[in-house]
Amino acid sequence: MDMEHEIEVPSHFLCPISLQLMRDPVTVSTGITYDRESIEEWLYSYKHNTCPVTKQVLSSGIDLTPNHTLRRLIQAWCTLNASYGIERIPTPKPPVDKIQITKLINEAKKFPHMQLTCVQQLRSIALESERNRNCLESSGAVEFMVSIMKRNINQDHDKNLSDEALGILYHLKLSETKLKSLVKNDGQFLDSLVEVLKSGNYRCRACAIMLLKSIFEVADPEILIRVKQEIFGEIVGVLRDQISHQASKAALKLLVEICPWGRNRIKAVRGGAVGTLIELLLEVKERRECELILVVLNQLCECAEGRAELISHGAGIAIVSKKILRVSHSASDRAVKILSSICRFSATPRVLQEMLQVGVVSKLFFVLQVDGSLKTKDRAREMLRLHSRIWKNSPCIPSHMVSSYPSC
């Protein structure tokens, strides 16, 4: 018997979803057996409630029954083929249940000296599987972690303990319902995240900003309108410090989410957002990050304070203009929109001369000549018409462009 034939995997040893060797076979109510990790991903990550093979709806309170006979057959097959480098699959640990989690939480509450150990065990449980994370959320672990985090506001807290609690809350990938309840019923939790952004290490600050993004993405309007000024300063601090690429993207998406509400644009400007975003725009190389920066700048330039900050920055107008036709259609649209806001509401003689000198006017001509959105072309044409008296006869405009200058 040749090697290829010898190590051929029996089809019933394979997971029907992913066609990989089963490590922990479990059977669902329809009688089909799957690998636990694959079926849990199907059920919990992708939110399906059907059997992948039969398409039948699975009963509520999905029960995954370990298939011990099949697991032993797989382990025996691995042992027989060990000479071909196949390792024996270890006997899986039984899945965690609510009773175990509740016991750990109660021990942590009852014996303060054991809290760090208990929380570290909960973190290990959370990292094991999606099922475990769902079980933690429904067993009171979230509320316990939040209570630990709230101590972070005080000076007598255990830093290591609150760091572990924050890590668990981040890795749980909380449901929309849970995230909403956290901010709606407990304003101190947001204060604790702000405290982490102020004084935490880089890893904790990254977790905090990503958790804030998840919270505000699902928050109700009344929460978004009341975002505190200090939060904007800390978000800008994350961008300024460049903690990580992931954290910077989360901070930008967070600003996109909250800036349109109430007076949040002004709060962001006061927090130093405009200058920091311009500095980032000078260095950014990734397309999506550049687009996000321009989205936020566009939002901030819808208020007079934001436009004033952009104009006062030595590189503000020039770098926005530079991104037109260089990044993507979306980036060009946002950049033209920013310049349009300045042309309509903040067009002093000095600003108009600067636009000529840094090539904004020439870029607007190019926008009219290339493929792009009609709205963007209309904005470019409107700007050229609006300031034709100053721009049309300027020596900064190449002679071949003057003849195509939009008529007033």
Side-chain angles (χ1 to χ4, degrees), residues 152-153 166 183 187-202 204-284 289-317 319-320 334-335 337-338 341-342 345-346:
N152 197 29
I153 303 171
L166 174 62
V183 293
Q188 274 197 318
F189 177 57
L190 287 182
D191 294 338
S192 70
L193 291 178
V194 172
E195 191 61 37
V196 173
L197 292 174
K198 283 180 180 177
S199 58
N201 58 40
Y202 274 17
C204 289
R205 289 174 72 195
C207 286
I209 199 71
M210 288 185 275
L211 198 50
L212 273 175
K213 178 185 79 75
S214 299
I215 288 170
F216 284 119
E217 279 177 343
V218 301
D220 294 329
E222 60 265 26
I223 301 293
L224 295 170
I225 290 170
R226 297 200 307 267
V227 178
K228 294 181 180 179
Q229 174 68 61
E230 64 178 335
I231 290 183
F232 290 92
E234 298 309 324
I235 296 170
V236 171
V238 169
L239 289 171
R240 190 185 301 119
D241 294 343
Q242 291 290 280
I243 293 171
S244 71
H245 183 65
Q246 190 180 13
S248 293
K249 260 191 171 177
L252 289 169
K253 289 177 179 178
L254 180 51
L255 287 173
V256 170
E257 196 67 44
I258 62 180
C259 279
W261 297 90
R263 292 175 57 81
N264 289 350
R265 293 181 184 88
I266 296 171
K267 293 175 188 175
V269 173
R270 289 174 180 168
V274 175
T276 298
L277 291 170
I278 291 170
E279 296 298 326
L280 289 176
L281 205 54
L282 288 165
E283 300 178 0
V284 68
E289 192 172 352
C290 181
E291 290 172 346
L292 286 169
I293 292 170
L294 289 169
V295 169
V296 181
L297 278 176
N298 176 47
Q299 290 176 342
L300 300 183
C301 283
E302 290 176 358
C303 69
E305 293 84 352
R307 292 191 296 274
E309 287 290 320
L310 187 134
I311 290 167
S312 65
H313 193 291
I317 292 175
I319 190 59
V320 170
R334 297 292 179 180
K337 204 170 178 183
I338 292 167
S341 292
I342 292 169
F345 304 114
S346 306

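Note that these values count all heavy atoms, side chains included, but never hydrogens, waters or copies made by symmetry. This chain uses plain numbering: 1 for the first residue, then up along the sequence. Model, not experiment: these values are computed from the prediction.
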Closest approach of Ile225 and Lys267, non-hydrogen atoms and distance? O-NZ, 3.7 Å
Walk me through whether Leu254 and Val238 qualify under side-chain contact (heavy atoms from CB on, under 4.5 Å). CA-CA 11 Å; Leu254 180 51; Val238 169; over 6 Å; no
Rounded to the nearest 0.5 Å, the CZ atom of Phe216 sits from the CD1 atom of Ile231 at a distance of 4.5 Å
Heavy atoms of Ile209 and Ala250 approach each other most closely as CG2-CB, 4.2 Å
Nearest 0.5 angstrom please: Arg334 CZ to Leu294 CG, how far? 9.0 Å
In short, Leu166 meets Cys204 closest at the heavy-atom pair CD2-O, 3.4 Å
Given side-chain contact (heavy atoms from CB on, under 4.5 Å), test Arg226 with Glu222 step by step and report yes or no. CA-CA 7 Å; Arg226 297 200 307 267; Glu222 60 265 26; 3.8 Å; yes
Within this structure, what is the SG-CZ distance for the pair Cys303 and Arg265, rounded to the nearest 0.5 Å? 7.0 Å
Note, Leu255 side chain near Phe232 side chain (heavy atom, < 4.5 Å): yes
Spacing of CD1 belonging to Ile342 relative to CD1 belonging to Ile338, to within rounding of 0.5 Å: 7.5 Å
Pairing of Lys213 and Glu217 as salt bridge, 4.0 angstrom limit: yes
From the list Leu252, Ile319, Val256, side chain to side chain contact (heavy atoms under 4.5 Å, CB included) with Ile293 holds only for Leu252
Glu234 and Leu197: which non-hydrogen atoms are nearest, and at how many Å? OE1-O, 3.4 Å
side-chain contact (heavy atoms from CB on, under 4.5 Å) between Ile223 and Ile215, worked out: CA-CA 10 Å; Ile223 301 293; Ile215 288 170; over 6 Å; no
Check: Asp241 and Tyr202 side chains under 4.5 Å, non-hydrogen atoms: yes
Rounded distance [0.5 Å steps], OG1 in Thr276 versus NE2 in His313: 8.5 Å
Going through the distances and angles, do Val284 and Leu281 end up as a side-chain contact (heavy atoms from CB on, under 4.5 Å)? CA-CA 5 Å; Val284 68; Leu281 205 54; 4.1 Å; yes
Interatomic distance, Leu224 atom CG to Cys259 atom SG [nearest 0.5 angstrom]: 11.0 Å
Should Glu230 and Lys198 be marked as a salt bridge (charged side-chain N to carboxylate O under 4.0 Å, His left out) after you check the CA-CA gap, both sets of side-chain angles, and the distance that decides it? CA-CA 10 Å; Glu230 64 178 335; Lys198 283 180 180 177; 3.0 Å; yes
Minimum heavy-atom distance between Ser312 and Glu309, given as atom pair plus value: OG-O, 2.9 Å
Ser248 and Gln242 side chains, donor-acceptor separation under 3.5 Å: yes
Apply the side chain to side chain contact (heavy atoms under 4.5 Å, CB included) test between Leu310 and each candidate in Ile278, Leu277, Leu300; give the one that qualifies. Ile278
Closest non-hydrogen atom pair between Val196 and Ala208, with its separation: CG1-CB, 3.8 Å
